[in-house]
Amino acid sequence: MAREIAKAYEPQQIEPRWADFWVKEALFQADANAPGPIFSIVIPPPNVTGSLHIGHMLDHTEIDILTRWHRMRGYNTLYLPGTDHAGISTQRVVVRQLAEQGINYRELGREEFLKRVWKWKEESGGTIQRQMRQIGDSCDWSREKFTLSPELSPVVREAFVRLYEEGLIYRENRLLNWCPVCLTVLSDLEVVHEERQGHLWHIKYPVAGTQEFLVVATTRPETMLGDTAVAVNPEDERYVHLVGKKALLPLMNREIPIIADAMVDREFGTGAVKITPAHDPNDFEVGRRHKLAEIDVMTDDGKMNAAAGAYAGMDRFEARKKIVEDLKALGLLEKITEHTNAIGLCERSKTIVEPRASTQWFCKMKPLAEPAIAAVERGEIQIVPDNRREEYFNWMRNIRDWTLSRQLWWGHRIPAWYCKENRHVIVAREAPAKCATCGSANLEQDSDVLDTWFSSGLWPISTLGWPENTEDFKTYYPTSLLITGYDILFFWVARMIMLGIHSTGKVPFRAVYLHSLVRTGSGEKMSKSKGTGLDPVALNQQYGTDAMRFCLASMAAPGTDIVLSEDKLTSARNFANKIWNAARFLFVNLDRFEESGTKLDELAAPEVRAKAPYAYRGRVPLVDAWMFARLAATVELVNEALANYRFHEAAQGVYQFFWGDFCDWYIEWVKPELQSADRERATVAWKNLFAAFDAALRLLHPFMPFLTEELWHQLPQRAGAKSIALDQFPEAQDHWKNARAMGNVDAIQEVVTALRNIRAELKLDPKKR
RNA sequence: GGGCGACUAGCUCAGUUGGUUAGAGCGCUCCCCUCACACGGGAGAGGUCAAAGGUUCAAGUCCUUUGUCGCCCACCA
């Protein structure tokens, strides 16, 4: 009796079952002692700031395709999952949540606040884990990691202390980017620049003891309150006579020196620059050279402080307005001109950053960068696509020291302690009992935390057990490949390369594939905060995970960003349906065929099917020969494409093959054969059809794991067995274990050699059909 | 101020080392709900490959210039 199969593919009915099954069976658990060449990959750990977005899905799809593909070809495969605590981002999320409840996080205190963040982390981490299972990530959940876990924290401290002991980590007072909303310093990378139309205010500074004015031009008038000099170029004949004299700082009525410094560009503005060492990086340098006072006129949160005199308490931009008004009233504002400049914004809060001086921890990067540059030059790490190599080199060759400390609470606490008496510094793996210098037991730990990218930078080594030489580390490090978006090349990839090589002497991965970003129709980077992100959960519901995966893969051409559209998702869903219906045809008609006599018992045994194609009276039927030639060509194409990260070619190749060749031509062609009164002839047709179909499923599996898994389970079933209850069908269990191997496909490739002769003889071009 | 990328059918995009009549999906026109699939099948229209010049037996593919758009990097007040 023919089995009942739904007419349309309903992924929602099928996917959750296999998602659970894969986890329950621990099917993808890695074994360091298993045979086979190694393919290991660690996930780019998603931030625990919420849930996975469509960009993650691209990451995960590509990683999973390659992982499954390698696993099917007999590799000892590890796909290690995990999440990132994402210091500043996560802290911001929780701060905002608290604010919505009317709670000021600072009033909550550090300890209580961290409890709230951990609670949020559990929630977000759980969501991410569920999503990853839902989208079919074939990772080893027993090895799941978290960057801020008790397991990894000692590793992070170890790395920090080692770098400190090597003299690469130091503490210094510098002028740095400060975010008045996040209340922390930021590294250069965390500041994004944006061109904005602004003004250049020309302000007249009276020269003391004369009737003259010195006119300076500034884009930030409010900083003048902290001016401690005016500088001109020493070569500038317009101003030489003023050097050494004093200027009277308007509004503050403070006398400040007029100095000469080569840094001043005579062409720009008026050729005279107000010097505010506490609020401008250039001025800071000038200030240090000329031993000028540094007057900070602002508070942490961007308001004017007591040093700002009458303006104290005002917001910095409010103060700007007021100062301009006041100068105008005093007749000291010469003019205002239009001026566009690139202003720095905090990457997270989009607040205008304020340069401020503070004492922070830094890491010297030149010594770390050199071997990291060399490793890429020597090809020990391959960067794909090629043009990103140059970006990497360019950044690495101009690298500046990395600001490691952040004034946040959520993160790895800096392993440094100070004695309260003398502020001696002790850097140690564990909390010390007393000061190494003066013996004081009165110690306090540095209140800052590490930049979140420091622990991310250690990810490939920390997750595999470094600094211990564990089985996992020995077997799976260096990892085979890193797949991530190009937008974090500097933030993350470069740092992993530097820290990996420095810590272990070996590169952390042999290749980096930097994929495109998924954008919305309007071309923006998808982002939840902007509300432009597509919800992968909703899309999965609507189209099915397999369709999503296939769609992303078929669009993942390197170089250009991906714009996802309903059209493409629909087309991928239709493809899944096509596969489903081809199977439906096979299964239903096979049942009918068997009911009429011959049983194709061997169909269930993969080792028999691997001998396809079957011959009819010593001769392989022509269409079958053609089919297997096409199949073999597709196998070659897919293997070649995946080996080079050309996911779209692979996906389009299987699509073309399955729809165009297998369905449109082959199935249609053999339909009469399957009904043939010649029993042997019909049997051969059936066997070849199933062999080809089985091979096609293997090709499709990395892209569409759910659908193929489902069909594999149905493939060996005898007529009458309607439901899939695996524990009741030991035979089926053997089958699916075997199904995840490429074996059959490889066997077919061997057959092709023989087929070439037939093809040549009959002038059949498999590409032209 | 540097660097990178894009510009191919109405739309969204493939087309890696230059080689026969430039492809796909969607859309469009005509026919078909034929016993796997209308989330389908068949037939078809549609492109001087942004512009100009150059190299070559041969260029969407290499070189030069220009235009439009996008991105990244950069401490000029």
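Because the structure is predicted, anything quoted here is derived from the model rather than measured. Numbered from 1 within each chain, the chains take letters A, B, ... in sequence-line order.
- Spacing between G47(B) and G60(B) at atom C1', rounded to whole Å, works out to 11 Å.
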I would like to know whether E294(A) and R356(A) meet salt bridge (charged side-chain N to carboxylate O under 4.0 Å, His left out); could you show each step before the answer? CA-CA 10 Å; E294(A) 291 160 17; R356(A) 285 183 98 204; over 6 Å; no
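- Side-chain contact check for S554(A) and Q652(A): no donor-acceptor pair (N or O, by modelled atom type) lies under 3.5 Å.
- The separation of G1(B) from A9(B), taken at their P atoms, amounts to 33 Å, rounded to a whole angstrom.
- Judged as a side chain to side chain donor-acceptor pair (under 3.5 Å), and not counting sequence neighbours, E10(A) has no contacts.
- F268(A) and H339(A) have their aromatic ring centers within a separation under 6.0 angstrom.
- To the nearest angstrom, P of C71(B) lies 13 Å from CZ of R388(A).
- In this entry the distance linking CZ of R389(A) with C1' of G3(B) reads 16 Å, nearest Å.
- Taking the six-membered ring where the residue is Trp, W686(A) and F690(A) present tilted rings, their angle falling between 30° and 60°.
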I'd like a table of donor-acceptor pairs (distance under 3.5 Å, sequence neighbours excluded) in which one partner is a side-chain atom from residues 382-389 of chain A, with atom names and distances.
residue: R388(A); atom: NH1; partner: E391(A); partner atom: OE1; Å: 3.4
residue: R388(A); atom: NH1; partner: E391(A); partner atom: OE2; Å: 3.0
residue: R389(A); atom: NH1; partner: V376(A); partner atom: O; Å: 3.3

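- N173(A) meets the side chain to side chain donor-acceptor pair (under 3.5 Å) test with R288(A), T359(A); sequence neighbours excluded.
- In terms of the side-chain contact (heavy atoms from CB on, under 4.5 Å) criterion, K321(A) has no residue partners (sequence neighbours excluded).
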Every protein N/O lying under 3.5 Å from an N/O of nucleotides 60-63 of chain B:
none

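- Across the P atoms, G15(B) and G54(B) are found 29 Å apart, a figure rounded to whole Å.
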Each nucleotide of nucleotides 72-77 of chain B classed B (base within 4.0 Å of a protein heavy atom), S (only sugar-phosphate) or -, in 5' to 3' order, makes --BBBB
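- Taking atom P on both nucleotides, C30(B) is separated from A22(B) by 27 Å, rounded to a whole Å.
- E172(A) is linked by a side-chain contact (heavy atoms from CB on, under 4.5 Å) to Y170(A), R174(A), F362(A), counting only residues two or more places apart in sequence or in another chain.
- Partners of W402(A) under the side chain to side chain donor-acceptor pair (under 3.5 Å) rule, at least two apart in sequence or in another chain, are D451(A).
- Remark: the E190(A) side chain and the S187(A) side chain contain an N/O donor-acceptor pair separated by less than 3.5 Å.
- Taking the C1' atoms as reference points, U61(B) lies 15 Å from G23(B), given to the whole Å.
- Rounded to a whole angstrom, the distance from the P atom of G25(B) to that of A43(B) is 13 Å.
- Under the 4.0 Å criterion applied to side-chain N and carboxylate O atoms, E194(A) and R196(A) are assigned as salt-bridge partners.
- The CD atom of Q656(A) sits 14 Å away from the C1' atom of C13(B) (whole-angstrom rounding).
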Using distance only, find each side-chain donor-acceptor pair of residues 566-577 of chain A under 3.5 Å and give its atom names and separation, not counting sequence neighbours.
residue: E566(A); atom: OE1; partner: Y543(A); partner atom: OH; Å: 2.6
residue: T570(A); atom: OG1; partner: E566(A); partner atom: O; Å: 2.8
residue: N577(A); atom: OD1; partner: N581(A); partner atom: ND2; Å: 3.3

Heavy-atom contacts, protein to nucleotides 35-43 of chain B, under 4.0 Å, summarised as B (base), S (sugar-phosphate only) or - (none) per nt, yield -BBSBSSS-
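- Per the geometry, CD belonging to E640(A) stands 12 Å off C1' belonging to U17(B), to the nearest Å.
- For M555(A) and G25(B), the CE to C1' distance is 10 Å, given to the nearest whole Å.
- For the C1' atoms, the distance from U29(B) to G10(B) is 14 Å, rounded to whole Å.
- The separation between L489(A) atom CG and G3(B) atom P is 19 Å, rounded to whole Å.
- Comparing A74(B) with G3(B), their C1' atoms sit 11 Å apart, to the nearest whole Å.
- Partners of Y205(A) according to the side chain to side chain donor-acceptor pair (under 3.5 Å) rule, which considers only residues two or more places apart in sequence or in another chain, are D227(A).
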Each base of RNA chain B marked ( ) or [ ] if paired in-strand (Watson-Crick or G-U under 3.5 Å), | if paired to another strand and . if unpaired gives (((((((..((((.....[...)))).(((((.......))))).....(((((..]....))))))))))))....
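- Separating the CD atom of Q652(A) from the P atom of G25(B) is a distance of 10 Å, rounded to the nearest angstrom.
- Using a 4.0 Å cut-off between a side-chain N of Lys or Arg and a carboxylate O of Asp or Glu, R397(A) and E377(A) qualify as a salt bridge.
- The CG-C1' distance, from N398(A) to G3(B), rounds to 12 Å in whole Å.
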